[in-house]
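Everything on this sheet refers to the single structure shown next.
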Amino acid sequence: MSRPILLLACLAVAATACTAKAPENLEAASDGGLPPKIAESKTLVVGNVPNYPPLEFKDPSTNQLTGFDIDLGNAIGKQLGLTVKWQETSFEQLQSAVTTGRIDMILSGMSDLPERRETLDLVGYMSSGAQFFSTAKVADPKDLCGKTVGASRRTSFPGEIKKWSEQNCSGKPIKIVGTEGSADARTQLSQGRLDAAVQGSETLPYIAKQDPGKFNVIGEPFTEVNQAMGFGKQDPRLRDAVIKALGALQQDGTYAGLLDKWGLKDNAIQQITLNGAAK
């Protein structure tokens with residue numbers, strides 16, 4: 001083969017090689033570090049249970065999904081260049097849905113608990129704590145000893161009430177009732193079937209504002225925990241992208257603005273956490 005022909009052949013091979021590599025490089029540059037399915041669909045499927053105002057609930061006048069978690073999730077989606085699709089489900093189904101890939105992440109008032117970290121990666125985005133409340137005027141939480149207190153059986157609250165009772169109610173333990181969610185606890189409280197109930201401290205100011213004079217907060221929160229977004233452990237790329245997006249929303253003031261909108265300024269966190277550790 002002559003030199004000119006050989007040179008042309010080499011150039012053709014080089015051009016082919018460059019052409020073959022171009023799509024791969026383009027994909028790496030354009031997916032934002034997201035899993036391919038999400039990068040290609042431009043859609044983020046988020047699991048939610050809309051029964052925990054002001055984090056997530058249905059607006060009574062429009063029946064539209066709203067709340068702090070909804071606003072924050074949509075802001076994260078926008079930051080990532082994705083459309084958020086909210087998928088309503090039961091709280092019991094959230095963990096299996098994300099670990100099997102039926103949803104991409106959980107954003108639904110879920111607490112960062114050690115036992116949940118066994119199957120999920122949990123990104124803390126807001127502070128919280130268990131707190132007593134009642135329709136009656138109760139000055140001291142210890143006045144609840146021997147009384148009947150309800151909380152959603154789907155949460156850690158019944159166990160937290162038991163611990164508190166063992167530490168503070170010598171000989172007069174609290175009678176704990178597991179309810180079908182927080183809304184059911186409030187209903188039973190209103191019906192006089194419970195003496196008090198427990199919810200996350202971030203929800204009680206909103207609940208009290210909706211029904212002025214009906215519910216009275218008792219004492220201070222008796223636990224400390226972060227609310228967290230949940231991710232399957234099979235692929236950390238979405239988790240890491242969301243952490244980065246959430247950090248950007250903290251920096252540009254969006255996070256603080258949404259907390260203020262929903263009356264949650266006291267629940268702000270300074271540092272995002274991953275499985276309980278600061279990022």
Side-chain angles (χ1 to χ4, degrees), residues 48-57 67-69 90-92 94 106 108-116 122 124-228 230 262-264 266-267 269:
N48 185 268
V49 186
N51 65 355
Y52 204 53
L55 272 63
E56 44 265 324
F57 62 105
F68 173 76
D69 281 352
S90 67
F91 199 84
E92 294 89 344
L94 285 173
I106 299 166
S108 188
M110 176 178 280
S111 299
D112 180 356
L113 303 177
E115 57 267 29
R116 288 178 178 154
L122 297 168
Y125 64 95
M126 186 177 68
S127 67
S128 177
Q131 192 164 15
F132 294 109
F133 67 106
S134 178
T135 52
K137 295 282 188 181
V138 180
D140 188 335
K142 290 186 179 180
D143 292 338
L144 296 175
C145 294
K147 304 291 187 179
T148 302
V149 179
S152 171
R153 63 168 58 95
R154 304 182 180 103
T155 69
S156 62
F157 295 148
E160 299 291 357
I161 298 169
K162 182 179 179 182
K163 290 178 188 176
W164 188 91
S165 176
E166 290 170 349
Q167 294 168 358
N168 294 278
C169 298
S170 178
K172 294 174 62 180
I174 287 176
K175 301 168 188 174
I176 303 166
V177 174
T179 65
E180 295 296 328
S182 297
D184 180 41
R186 294 192 298 273
T187 298
Q188 292 196 45
L189 184 58
S190 299
Q191 293 171 343
R193 295 161 63 188
L194 300 174
D195 297 305
V198 167
Q199 278 191 204
S201 59
E202 73 280 7
T203 68
L204 294 180
Y206 180 88
I207 295 299
K209 186 177 179 181
Q210 297 306 111
D211 282 299
K214 182 175 183 179
F215 296 115
N216 302 296
V217 176
I218 304 169
E220 298 295 325
F222 57 92
T223 66
E224 291 183 14
V225 67
N226 277 349
Q227 298 289 64
W262 292 102
L264 297 167
D266 292 342
N267 300 96
I269 58 170

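For reference, positions follow the sequence shown, starting with 1. These figures come from a predicted structure and were not determined experimentally. Just so you know, these numbers use all the heavy atoms, side chains as well, and skip hydrogens, waters and symmetry mates.
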Listed pairs under 3.5 Å, donor-acceptor, residues 135-142 side chains, sequence neighbours left out:
residue : atom : partner : partner atom : Å
Asp140  : OD1  : Lys142  : N            : 2.9

Without placing hydrogens or testing angles, list every side-chain donor-acceptor pair under 3.5 Å for residues 155-164, not counting sequence neighbours.
residue : atom : partner : partner atom : Å
Thr155  : OG1  : Ser152  : O            : 2.8
Thr155  : OG1  : Phe157  : N            : 3.1

Worked verdict on Met110 versus Ser108 for side-chain contact (heavy atoms from CB on, under 4.5 Å):
CA-CA 5 Å; Met110 176 178 280; Ser108 188; 5.7 Å; no
Criterion side-chain contact (heavy atoms from CB on, under 4.5 Å) on Val149 and Ile176, from CA distance to verdict:
CA-CA 5 Å; Val149 179; Ile176 303 166; 5.7 Å; no
Does Leu189 form a side-chain contact (heavy atoms from CB on, under 4.5 Å) with Phe215? I'd like the steps, not just the answer.
CA-CA 9 Å; Leu189 184 58; Phe215 296 115; 3.8 Å; yes
Worked check of side-chain contact (heavy atoms from CB on, under 4.5 Å) between Leu144 and Phe132:
CA-CA 9 Å; Leu144 296 175; Phe132 294 109; 3.5 Å; yes
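At least one donor-acceptor pair closer than 3.5 Å links the side chain of Ser165 to the backbone N or O of Ile174. Within the 3.5 Å criterion, the main-chain N or O of Gly178 finds a donor-acceptor partner in the side chain of Arg153. The closest donor-acceptor contact from the side chain of Glu56 to the backbone of Gly109 lies under 3.5 Å. Remark: side-chain polar atoms of Arg116 are paired, donor with acceptor, to backbone N or O of Ser111 under 3.5 angstrom. A donor-acceptor distance shorter than 3.5 angstrom exists from the side chain of Thr223 to the backbone of Ala130, with no hydrogens or angles considered. Tyr52 places a side-chain N or O within donor-acceptor distance of the main-chain N or O of Gly200, the cut-off being under 3.5 Å. For Asp195 (side chain) and Thr148 (main-chain N/O), a donor-acceptor pair under 3.5 Å exists by modelled atom type.
Residue Leu194 holds its CG atom at 12.5 Å from CZ of Arg186, rounded to the nearest 0.5 Å. Atom CG of residue Asn48 and atom CG of residue Leu55 lie 9.0 Å apart, to the nearest 0.5 angstrom. A distance of 7.0 Å separates CG of Asn51 from CZ of Arg154, quoted to the nearest 0.5 Å. Phe222 CZ to Glu220 CD: the interatomic distance, rounded to the nearest 0.5 Å, is 12.5 Å. Interatomic distance, OG of Ser182 versus CZ of Phe91, reported as 9.0 Å (0.5 Å rounding). One finds the CG atom of Asn267 at 14.5 Å from the CH2 atom of Trp262 (value rounded to the nearest 0.5 Å).
Within the 4.5 Å cutoff, the side chain of Met126 has heavy atoms near those of the Leu264 side chain. Considering only heavy atoms from C-beta on, Pro53 stays 4.5 Å or farther from Thr203 through its side chain. With a 4.5 Å cut-off on side-chain heavy atoms, Gln131 and Ile218 do not count as touching.
Side-chain contact, Ser127 with Glu224: no donor N or O sits under 3.5 Å from an acceptor N or O. For the residue pair Gln227/Glu202, the side-chain donor-acceptor check at 3.5 Å is satisfied.
Taking the six-membered ring where the residue is Trp, Phe57 and Tyr206 present tilted rings, their angle falling between 30° and 60°.
In terms of the side-chain hydrogen bond (donor to acceptor under 3.5 Å, both in side chains) criterion, Gln210 has no residue partners (sequence neighbours excluded).
Of all the heavy atoms in Ser128 and Ser201, the pair that sits closest is C-OG, 3.9 Å. For Val198 against Ala151, the heavy-atom pair with the smallest separation is O-CB, 3.8 Å.
Counting non-hydrogen atoms of other residues, nucleotides and ligands closer than 6.0 Å to CD of Gln191 gives a total above 12.
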